[in-house]
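See below for the structure under consideration.
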2 protein chains.
Amino acid sequence: MYQYEYPHPAVTTDVVIFTIRDRQLKLLLIKRGGEPYKGQWALPGGFVQLDEDLEAGARRELEEETGVAGVYLEQLYTFGAVNRDPRERVITVAYYALIPSDKIVLQAATDAEAVGWFGMDELPELAFDHQKIVDMAHERLVAKLDYSTLAFQFMPAEFTLSELQAVYEIILRQDMDKRNFRKWILALEQIEETGNERCDGPHRPAKLYRALHRNKVEIIK
Amino acid sequence: MYQYEYPHPAVTTDVVIFTIRDRQLKLLLIKRGGEPYKGQWALPGGFVQLDEDLEAGARRELEEETGVAGVYLEQLYTFGAVNRDPRERVITVAYYALIPSDKIVLQAATDAEAVGWFGMDELPELAFDHQKIVDMAHERLVAKLDYSTLAFQFMPAEFTLSELQAVYEIILRQDMDKRNFRKWILALEQIEETGNERCDGPHRPAKLYRALHRNKVEIIK
DNA sequence: GCAAAAGTGTTATCCCTACACCCATGA
DNA sequence: TCATGGGTGTAGGGATAACACTTTTGC
């Protein structure tokens with residue numbers, strides 16, 4: 001038992017984990033094993049340890065569910081409506097994470113819960129206020145494509161310009177002109193040719209590129 | 001005494017309260033009356049009540065210190081480093097608020113603490129990690145001027161274009177061309193003439209304008 | 001040789017920037 | 001009448017958007 005002179009809320013971190021697969025923006029959900037909302041899908045998350053920074057907690061959840069470390073993680077917003085959890089006052093600090101498509105492992109569920117990737121268009125009903133959190137994360141993602149190199153975080157170490165363009169098209173839900181896209185993305189001076197090529201099928205091989213600053217999201221004008 | 005099965009952190013809200021006075025961007029600080037950091041300047045803030053939404057808590061702090069209600073308030077970021085408070089684990093949800101210049105009241109200090117407005121260039125040393133919070137709030141403010149109508153929140157109900165331009169110049173710390181500014185701000189279609197004029201001194205009277213959507217910050221492109 | 005994706009330039013349009021003088025008023 | 005801030009237009013340059021054909025490969 002832990003005692004305090006004044007009442008304290010519980011604090012959790014929840015993580016919206018995005019990736020791109022099958023030409024769709026997908027996110028990872030877990031099926032709740034206990035009450036409340038038992039059996040419903042929800043964002044991965046858990047209580048903040050008192051000896052653990054907020055981001056460290058979010059990263060721990062992320063790694064437990066996906067098995068990947070070192071990916072992009074950013075604080076989104078803190079949700080603290082009085083009745084968002086029926087048990088007690090729970091304030092959640094929400095994060096979102098981007099996973100490169102080649103790092104997805106079909107993870108054995110950690111806590112005997114089911115785990116699944118869902119397309120943004122086929123989300124099930126979510127527990128708590130998690131739909132609101134997902135909506136805000138999606139908005140942020142779309143907005144940040146415009147003025148940062150965030151999209152690179154979905155890419156593997158080497159990628160083609162067509163693959164990169166596809167990421168933009170999938171997230172923004174609109175086709176782009178190939179020539180203008182290439183001119184624009186190269187003018188940013190944020191990627192360089194690796195010198196390698198990739199042969200995919202019955203067509204000309206594509207040059208491979210890498211991000212100049214793999215672990216940093218740059219603000220672009 | 002309040003008892004929990006698991007340890008809970010304390011949660012506070014802190015508010016960075018901006019206004020513009022004397023051609024300077026200023027913010028409100030209070031002098032701490034108790035330990036820790038007794039006698040040092042800090043952001044207004046306090047513990048979250050369990051029956052009060054986060055924003056409501058921030059707004060309560062804001063109103064207690066400034067006496068103004070209904071002003072712009074936005075969540076900034078949540079700071080939760082393990083040792084940011086020497087007493088116990090304290091997570092703070094930081095907000096920032098913008099006060100129109102005509103609403104500032106020289107407030108009698110609520111809790112026998114001193115209260116003061118400080119220019120961004122003459123801030124004293126701040127308690128806790130409050131300097132970091134102020135820096136982030138300032139960055140957000142500068143960034144949002146570019147792509148939203150946030151600056152209108154500093155304006156009284158009626159204002160001249162020169163006054164509005166001054167707000168941009170003060171926050172962005174750069175002079176702007178008068179004709180280009182007027183063309184740009186009018187093209188946004190976010191303000192309209194009130195029909196009134198103001199005579200200030202020995203010169204032509206200035207037309208007064210009002211924001212079309214006083215209580216909403218629009219995203220502009 | 002054919003299907004399929006990779007790669008590549010030019011032109012028109014719009015937006016942003018730079019820039020200087022007259023106007024209305026109070027003293 | 002003079003000092004002070006209010007108010008107004010145009011032209012050039014840079015960025016954006018539209019648009020079609022050739023190249024390389026696997027089968």
Side-chain angles (χ1 to χ4, degrees), chain A residues 20 22-23 101 142-143 145-149 151 155-156 158-170 172-210 218-221, chain B residues 20 22-23 101 142-143 145-149 151 155-156 158-170 172-210 218-221:
Chain A
I20 289 185
D22 308 330
R23 286 197 67 87
S101 36
V142 167
L145 281 207
D146 257 11
Y147 66 89
S148 78
T149 59
M155 309 310 293
E158 297 197 327
F159 52 87
T160 70
L161 293 186
S162 294
E163 287 166 349
L164 183 57
Q165 183 175 343
V167 168
Y168 279 88
E169 289 178 337
I170 289 163
L172 299 178
R173 291 173 187 279
Q174 59 180 355
D175 291 349
M176 295 180 169
D177 179 83
K178 202 206 298 194
R179 281 173 292 190
N180 290 338
F181 178 80
R182 283 161 191 243
K183 245 179 300 169
W184 172 71
I185 204 83
L186 292 172
L188 295 181
E189 302 193 323
Q190 294 289 336
I191 59 175
E192 61 180 2
E193 293 187 24
T194 64
N196 303 325
E197 296 191 327
R198 178 189 303 152
C199 284
D200 244 333
H203 54 80
R204 182 169 171 177
K207 288 184 190 164
L208 291 170
Y209 290 79
R210 88 178 119 241
E218 305 278 345
I219 302 302
I220 58 187
K221 145 45 204 152
Chain B
I20 290 185
D22 307 331
R23 287 196 65 87
S101 37
V142 168
L145 281 207
D146 257 11
Y147 66 91
S148 79
T149 59
M155 309 310 293
E158 297 196 326
F159 51 86
T160 70
L161 294 185
S162 295
E163 286 165 350
L164 184 57
Q165 182 176 344
V167 167
Y168 278 88
E169 289 178 335
I170 289 163
L172 301 178
R173 291 173 187 280
Q174 58 178 357
D175 291 350
M176 294 180 168
D177 179 84
K178 202 204 303 192
R179 279 174 293 190
N180 290 338
F181 178 79
R182 282 161 192 243
K183 245 179 299 170
W184 171 72
I185 205 82
L186 292 173
L188 295 181
E189 302 193 322
Q190 294 289 338
I191 59 176
E192 62 179 3
E193 294 187 24
T194 64
N196 304 325
E197 297 190 329
R198 178 190 302 151
C199 284
D200 244 334
H203 54 82
R204 183 170 169 177
K207 288 183 190 163
L208 289 170
Y209 290 80
R210 87 179 119 241
E218 305 279 344
I219 302 301
I220 58 187
K221 171 60 212 307

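Chain naming here is simple, since letters A, B, ... match the order of the sequence lines and numbering starts at 1 in each. Both backbone and side-chain heavy atoms feed into the values below; hydrogens, waters and symmetry mates do not.
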Atom CE of B/Met176 and atom P of C/dA18: how far apart are they, to the nearest Å? 12 Å
Contacts of type side-chain hydrogen bond (donor to acceptor under 3.5 Å, both in side chains), residue A/Gln190, not counting sequence neighbours: none
Mind checking salt bridge (Lys or Arg N to Asp or Glu O under 4.0 Å) for A/Arg173 and listing every partner two or more places apart, or none if nothing turns up? A/Asp121
Under the salt bridge (Lys or Arg N to Asp or Glu O under 4.0 Å) test, residues paired with B/Asp175 that sit two or more places apart: none
Could you work out, with side chain to side chain contact (heavy atoms under 4.5 Å, CB included) as the rule, every residue matching B/Glu158, not counting sequence neighbours? B/Thr194, B/Asn196, B/Leu208
Salt bridge (Lys or Arg N to Asp or Glu O under 4.0 Å) partners for B/Glu169, two or more places apart: none
For a 4.0 angstrom threshold against heavy atoms of chain B, report the outermost contacting nucleotides of DNA chain D in 5' to 3' order. D/dA3 to D/dT10
State which residues pass side chain to side chain contact (heavy atoms under 4.5 Å, CB included) with B/Leu172; sequence neighbours excluded, sorted by chain then number. B/Val142, B/Leu145, B/Tyr168, B/Gln174, B/Met176
Looking at every non-hydrogen atom in both residues, tell me the closest pair between A/Met155 and A/Val167 and how far apart they are. SD-CG2, 3.5 Å
Treat primed atoms plus P, OP1 and OP2 as sugar-phosphate and everything else as base, then score nucleotides 20-27 of chain C 5' to 3': B for base contact with protein heavy atoms under 4.0 Å, S for sugar-phosphate contact only, - for none. B--BBBB-
Which atom pair, heavy atoms only, marks the closest approach of B/Ser101 to B/Ile20? CB-O, 3.3 Å
Does A/Thr160 reach a base, just sugar-phosphate, or nothing at all? Heavy atoms under 4.0 Å. nothing
Measure the distance from CZ on B/Arg182 to P on C/dC15 and round it to the nearest whole Å. 22 Å
Test side chain to side chain contact (heavy atoms under 4.5 Å, CB included) applied to B/Leu186 - qualifying residues, sequence neighbours left out: B/Ile191, B/Tyr209
Pairs in or reaching into residues 179-197 of chain A: which pass salt bridge (charged side-chain N to carboxylate O under 4.0 Å, His left out), with residues at least two apart or in two chains? A/Glu192-A/Arg210, A/Glu193-A/Lys207
In whole angstroms, how far is the C1' atom of C/dT8 from the CD atom of A/Glu193? 13 Å
List in chain and number order the residues that pass side chain to side chain contact (heavy atoms under 4.5 Å, CB included) with A/Asp146, two or more places apart in sequence or in another chain; answer none if no residue qualifies. none
Would you mind reading off the distance between A/Asp177 atom CG and C/dT8 atom C1', rounded to a whole angstrom? 11 Å
Find every protein N or O atom lying less than 3.5 Å from an N or O atom of nucleotides 10-14 of chain C, and list the pairs.
unit_1	atom_1	unit_2	atom_2	d
C/dT10	O4	A/Lys183	NZ	3.0

Send over the distance from B/Asp146 CG to C/dC16 P, rounded to a whole Å. 11 Å
